[in-house]
*Asks:* 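Below is a structure I'd like to ask you about.
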Amino acid sequence: MKKLYRTYEESTQIFKSLQKQYPENFKLETIGKTWEQRDINLVTISANIKQANTKPALFYTGTIHAREWVGHELAVEFTQYILENIDIDPTLEAFLNSATVYMIPCANPDGFVYSQTHFSFWRKNRRVNADGTYGVDLNRNFSVGFTKSTLTFSNVYSGPEPFSEPETKAIKEFVDKHPNITIALDYHSQGNVFFPAHDFKHEDNINTTDLNILCANMADKIKKISNREYGIHQGKPPAKLIGGSGREFYYSKGILSTVVEVGTRNISDYLDDMSEHIREHIPALIEAIKEVPNYSKENPVKKVEKFEVETIGSNHVKLKWEAKTSKDIFFEIYRSKRDKLYCKETNLIARTQALEFTDINLQSNTNYYFNIRAVNKRKKLKSPFYPQIKIRTDLEYDEYSRTYYANAIKSGYVAENLNNNAKHFGVNSLFVGVDENKGISYSIITIDLKTIPKNAIIKSACLNLYPINRVSTTIEKFGEWNVGIVEQDSISDITDFDEVNNAKIISYIGQPTKSDQLTQGIWRKWEFSGIQASILTSQIEKEQIVLRVEGPKELKIGRKSQMMQWDIGYGKFGFGLTYRPRLELTYTIEPTIATLYPKSIDTISEGKIIENEISSGFDKKGKKIYSALKFNLSSLPSHEFTMITNAYVKLNSTKIYLKEDIRFHLEFVDSKLKKDYKSFCNREIIQNIGYDISANDLKNNQTQYFVFDSFSKKELNAKLKDKSDVLFVLRPTSAIKTIKDRKISWEISNDKLSPKLIIEYISKRRFALPQVTNAKYEIENGKIKILWQNPQDENFVGAKVIKNPFRKPLSPQDGQKIYAGKDSYTIDDFGALDKDKYIAIFTYDDVPNYSKPVILEYKAQT
């Protein structure tokens, strides 16, 4: 027995004492007896214990696995915290006025006592099996997904039949009698991860977003206390999905349920680790209580319908939805850059009563995640969330995008104490860190860069790794994980540990990931700085980049492992190709520079037009003098494959003698403007080019540049379509009320100093390819097969297929990716046949530009 941890008898006495001390808020009762005739304690906490069963409720279970003591310990501390603070914390009081807490602090009393007094690693209950072995894994003994087994000695022996054990039967009967339960939390150890419930399908459910956000909001509270990051993993992609757990049973009853795996050891150092886990999980539990009323079956606030994307640009997205509206209803919209992130005030971007919203000032070529829920301001209730939308903003004019995946045969791990390291490449997980068996372990990730242009300039880059298991990272707040760019000439054999260990690192990428930031089920990103992006650019000549992932290289005395496992995507240990390490790049290329000379030059004043002269100012009557410069774009390449990325007009003034405050503006105007003074006075301006300049500016610098802003460049690109003329007007202004006979002239005769329109452009396809044709699906060998015909176009790079159970995917990111490539068919290996869904097929080129989707509506097979 570890000191400071409470025994089952001690917690029972604490609860009896609390019942006497707080009779209005607390009740202790038993819901059954164990095999060894111990009471299965249930505690109820409420602002008014007499009305507890009339309110929606949170259901907490702890220590259903005997060796996982945290559930029991947290339950005691959480109960005491609530009762001691309910009268002094108005927020807590308000939450408990609207919700009830039911807790089974220890769902396995017999096993817990045995673990504390005889064998600390004991997991099951203490049933005496027919063959003389002991115990059933209570978290495999529930009915949903129950798998019958005869391996009674196994730690996961599920019992002779569902609910064969008095502990699980008591829990079932309690849950069946309490339909007011809306959220269930099952506390375990270890892993620092939430495992939301699943339905044994590898596809999202209508409430997957609610589950993820509930966990993410709790995780945010944890992070605020300890800076520890919790993962969220719902059993997707094709991972082994356990059956017979309480979590899935509660979920089958319409309850949002999740397992919470706490810490890195079953029985942590109490003062150093366990006390912190308790402290960080109390606010997380309160966060869950806050959401309980929102998921009540009686909640009149219904989720919105048909939450969809209407348009996407490089810096904006327009969203729309359907819902029943009233004066009391408004909608909250949340935006984040990471999947499975919280929805809180910090990322709440809009409250609106409209049924649409346009989010602006976004970054180009960036993933964004949007969530929405309805709110009744009078009832102070919120609806569940509608399934999340994921989009990626478009590229800017000068941008290309690439996603490169790890080369299978050149990616793997090498371990100090193993002599078969070459066999780890392409087929195994990426083990990084140190343990007693492997010793120090590195991962090597090789990414081919053959298809990126040699003149590419990388603007931004990010390496993404998918963490699939952190259970072997057993030491709290110890060590960090880094990714380094390897000098390729310093290593000849990437499967040799000594060579990998001694390889020269040119630069490490982004920020290191510390042990308390390791998660499971959430992509981890290492973002390149500007200097690191330049180093990456230098690797293009080598046609690949080699990365070394490294972790801690030593262990604390008495500890066996500090090893993190990342997915490689390949082989029997991988979760699927979608989860390969990937490098996402945004890049541009060196532009071509074209210098255009004026087609015509005119100075226009009242009653007078002078050709081949640029003068601007005020005449003797104080009337403005304009100059017009016309250029022609016909010498530039085709509009369809050309993007103007930058432009400016260059003018050089002649001698300057003005003292007056005169400023000069260059205006982009309609090229069809009539060449007469009245027309120039009444001209319509497309856009001012750059900033105005003063006579004093010209004295200091003869050469002036009028640089196009984003809108002007957009208009100039539009003019390129027809290879039309473009016209600019030089206009004078002055703060002096009356100014006469003052003007400035600009050079036209000297080629070096004459007016020029400088245009920088890159070769880039503007428009998407044609859509696929003849799209259809069929069932083949129990799987959904999708077929189509690709367009016959030399610019065709591939087709991307995604599915979404909730809406037609109008964005190629808004759903689960099934396939991307040049084939004309794919098979959804893990798709559920009995689930309606939309399947969208996009074509794409090398920019990539995506076509509008061809959408198939799949109907469930019975």
*Asks:* Do the side-chain N and O atoms of N347 and S336 include a donor-acceptor pair separated by under 3.5 angstrom?
*Replies:* no
*Asks:* Is there a donor in the side chain of Y102 and an acceptor in the side chain of N180, or the other way round, less than 3.5 Å apart?
*Replies:* yes
*Asks:* Do R335 and F370 meet the cation-pi criteria used here (NZ or CZ under 6.0 Å from the six-membered ring centre, within 45° of the axis)?
*Replies:* no
*Asks:* Listed by chain and number, what are the ring pair (Phe, Tyr, Trp, His ring centres under 6.0 Å) partners of F59, not counting sequence neighbours?
*Replies:* F174, Y250
*Asks:* Tell me, do R470 and T264 make a side-chain contact under 4.5 Å, heavy atoms counted?
*Replies:* yes
*Asks:* Suppose we screen for side chain to side chain donor-acceptor pair (under 3.5 Å). Which residues come up paired with S296, at least two apart in sequence or across chains?
*Replies:* E298
*Asks:* Side-chain contact, heavy-atom cut-off 4.5 Å: I232 with V193?
*Replies:* no
*Asks:* For residues 213-225, which side-chain N or O atoms pair as donor and acceptor with protein atoms under 3.5 Å away, sequence neighbours left out?
*Replies:*
residue : atom : partner : partner atom : Å
N217    : OD1  : C343    : N            : 2.9
D220    : OD2  : K344    : NZ           : 3.2
K223    : NZ   : E229    : OE2          : 3.3

*Asks:* Below 6.0 angstrom between ring centroids: does that apply to F331 and W321?
*Replies:* yes
*Asks:* State which residues pass side-chain contact (heavy atoms from CB on, under 4.5 Å) with P166; sequence neighbours excluded, sorted by chain then number.
*Replies:* W35
*Asks:* Taking only residues two or more places apart in sequence or in another chain, which ones pass side-chain contact (heavy atoms from CB on, under 4.5 Å) with P293?
*Replies:* P56, S98, A99, L381
*Asks:* Any side-chain donor-acceptor pair under 3.5 Å between D339 and Q388?
*Replies:* yes
*Asks:* Are K303 and E332 ion-paired here, with the side-chain N under 4.0 Å from a carboxylate O?
*Replies:* no
*Asks:* Name each donor-acceptor pair under 3.5 Å that joins a side chain in residues 277-285 to protein atoms two or more places apart or in another chain, with its distance.
*Replies:*
residue : atom : partner : partner atom : Å
H277    : ND1  : E280    : OE2          : 3.0
H277    : NE2  : E476    : OE2          : 3.0
E280    : OE1  : S226    : OG           : 2.4
E280    : OE1  : R228    : NH1          : 2.6
E280    : OE2  : R228    : NH1          : 3.0
H281    : ND1  : Y187    : OH           : 3.2
H281    : NE2  : Y230    : OH           : 2.9

*Asks:* Consider only side-chain N and O atoms of H65 and N266, and report whether a donor and an acceptor are under 3.5 Å apart.
*Replies:* no
*Asks:* So, taking the atom named CG in L28 and the one named CD1 in I14, what distance separates them when rounded to the nearest 0.5 Å?
*Replies:* 11.5 Å
*Asks:* How long is the straight-line distance from CZ of R559 back to CD1 of I475, given to the nearest 0.5 Å?
*Replies:* 5.0 Å
*Asks:* Report the C-alpha separation of L96 and I86 in whole Å, then their side-chain angles, then the decisive distance to 0.1 Å, and conclude whether the side-chain contact (heavy atoms from CB on, under 4.5 Å) test is met.
*Replies:* CA-CA 8 Å; L96 286 166; I86 189 171; 3.7 Å; yes
*Asks:* Please walk me through it: do K835 and E203 pass salt bridge (Lys or Arg N to Asp or Glu O under 4.0 Å)?
*Replies:* CA-CA 9 Å; K835 197 168 188 175; E203 298 186 47; 5.3 Å; no
*Asks:* Carefully, step by step, assess L58 and L185 under the rule side-chain contact (heavy atoms from CB on, under 4.5 Å).
*Replies:* CA-CA 8 Å; L58 172 76; L185 304 176; 3.9 Å; yes
*Asks:* Step through the shown structure and confirm whether more than 12 heavy atoms of other residues, nucleotides or ligands are within 6.0 Å of CD on E9.
*Replies:* yes
*Asks:* Less than 4.0 angstrom from a charged side-chain N to a carboxylate O is my criterion; do E167 and K172 meet it?
*Replies:* no
*Asks:* Tell me whether the count of non-hydrogen atoms from other residues, nucleotides or ligands lying under 6.0 Å of NZ in K20 goes above 12.
*Replies:* no
*Asks:* Given side chains that start at C-beta, do those of D176 and K253 come closer than 4.5 Å, heavy atoms only?
*Replies:* yes
*Asks:* Is NZ or CZ of K169 both nearer than 6.0 Å to the six-membered ring centre of F163 and within 45° of the ring axis?
*Replies:* no
*Asks:* Assess the side chains of H188 and E68: does a donor N or O sit below 3.5 Å from an acceptor N or O?
*Replies:* yes
*Asks:* Any luck finding a side-chain donor-acceptor pair between N139 and S245 under 3.5 Å?
*Replies:* no
*Asks:* Is R351 close enough and on-axis enough to F330, meaning under 6.0 Å and within 45°, for cation-pi?
*Replies:* no
*Asks:* Determine whether the side chains of S164 and E161 contain a donor N or O and an acceptor N or O closer than 3.5 Å.
*Replies:* no
*Asks:* Who are the side-chain contact (heavy atoms from CB on, under 4.5 Å) partners of N129, not counting sequence neighbours?
*Replies:* R127, D131, T133, V136, T152, Y157
*Asks:* Check this for me: does any side-chain nitrogen of one of K27 and E29 sit under 4.0 Å from a carboxylate oxygen of the other?
*Replies:* yes
*Asks:* Between the side chains of S115 and W69, is a donor N or O closer than 3.5 angstrom to an acceptor N or O?
*Replies:* yes
*Asks:* List the residues meeting salt bridge (Lys or Arg N to Asp or Glu O under 4.0 Å) with K514, not counting sequence neighbours, and say none if there are none.
*Replies:* E480
*Asks:* Please say whether more than 12 non-hydrogen atoms of neighbouring residues, nucleotides or ligands are located less than 6.0 Å from NZ in K33.
*Replies:* yes
*Asks:* Going by an N to O cut-off under 4.0 Å, is there a salt bridge joining E276 and K477?
*Replies:* yes
*Asks:* To the nearest 0.5 Å, how far apart are OH in Y60 and CD1 in I104?
*Replies:* 11.5 Å
*Asks:* Less than 4.0 angstrom from a charged side-chain N to a carboxylate O is my criterion; do K201 and D834 meet it?
*Replies:* yes
*Asks:* Examine the side chains of T12 and N41 and answer whether a donor and an acceptor come within less than 3.5 Å of each other.
*Replies:* yes
*Asks:* Among Q116, Q13, E77, H72, which residue meets the side chain to side chain donor-acceptor pair (under 3.5 Å) test with R6?
*Replies:* E77
*Asks:* Partners of N85 by side chain to side chain donor-acceptor pair (under 3.5 Å), sequence neighbours excluded?
*Replies:* none
*Asks:* Should the heavy atoms of other residues, nucleotides or ligands under 6.0 Å from NZ of K16 be counted, would the total exceed 12?
*Replies:* no
*Asks:* What verdict does the side-chain hydrogen bond (donor to acceptor under 3.5 Å, both in side chains) test give for T61 and D186, after you've listed the backbone C-alpha separation in whole Å, the side-chain angles of each residue and the deciding distance to 0.1 Å?
*Replies:* CA-CA 5 Å; T61 50; D186 187 16; 2.8 Å; yes
*Asks:* Which residues pass the side-chain contact (heavy atoms from CB on, under 4.5 Å) test with T54, sequence neighbours left out?
*Replies:* Q51
*Asks:* Could you go through the side-chain hydrogen bond (donor to acceptor under 3.5 Å, both in side chains) check for T63 and N108 one step at a time?
*Replies:* CA-CA 6 Å; T63 312; N108 183 3; over 6 Å; no
*Asks:* Between Y22 and E24, is any side-chain donor less than 3.5 angstrom from a side-chain acceptor?
*Replies:* no
*Asks:* To the closest 0.5 Å, what do you measure between CD1 (I183) and CG (N294)?
*Replies:* 8.0 Å
*Asks:* Please list, chain by chain and in numerical order, all residues satisfying salt bridge (Lys or Arg N to Asp or Glu O under 4.0 Å) with E36, sequence neighbours excluded.
*Replies:* R38
*Asks:* Checking side-chain polar atoms at under 3.5 Å, does D199 have a donor or acceptor matched by the opposite partner on Y251?
*Replies:* no
*Asks:* Look up atom CD1 in I40 and atom CD1 in I171, then write down how far apart they are to the nearest 0.5 Å.
*Replies:* 7.0 Å
*Asks:* Tell me every residue that passes side chain to side chain donor-acceptor pair (under 3.5 Å) with Y114, counting only those two or more places apart in sequence or in another chain.
*Replies:* none
*Asks:* Could you tell me the separation between the OG1 atom of T44 and the CG atom of N25, rounded to the nearest 0.5 Å?
*Replies:* 12.0 Å
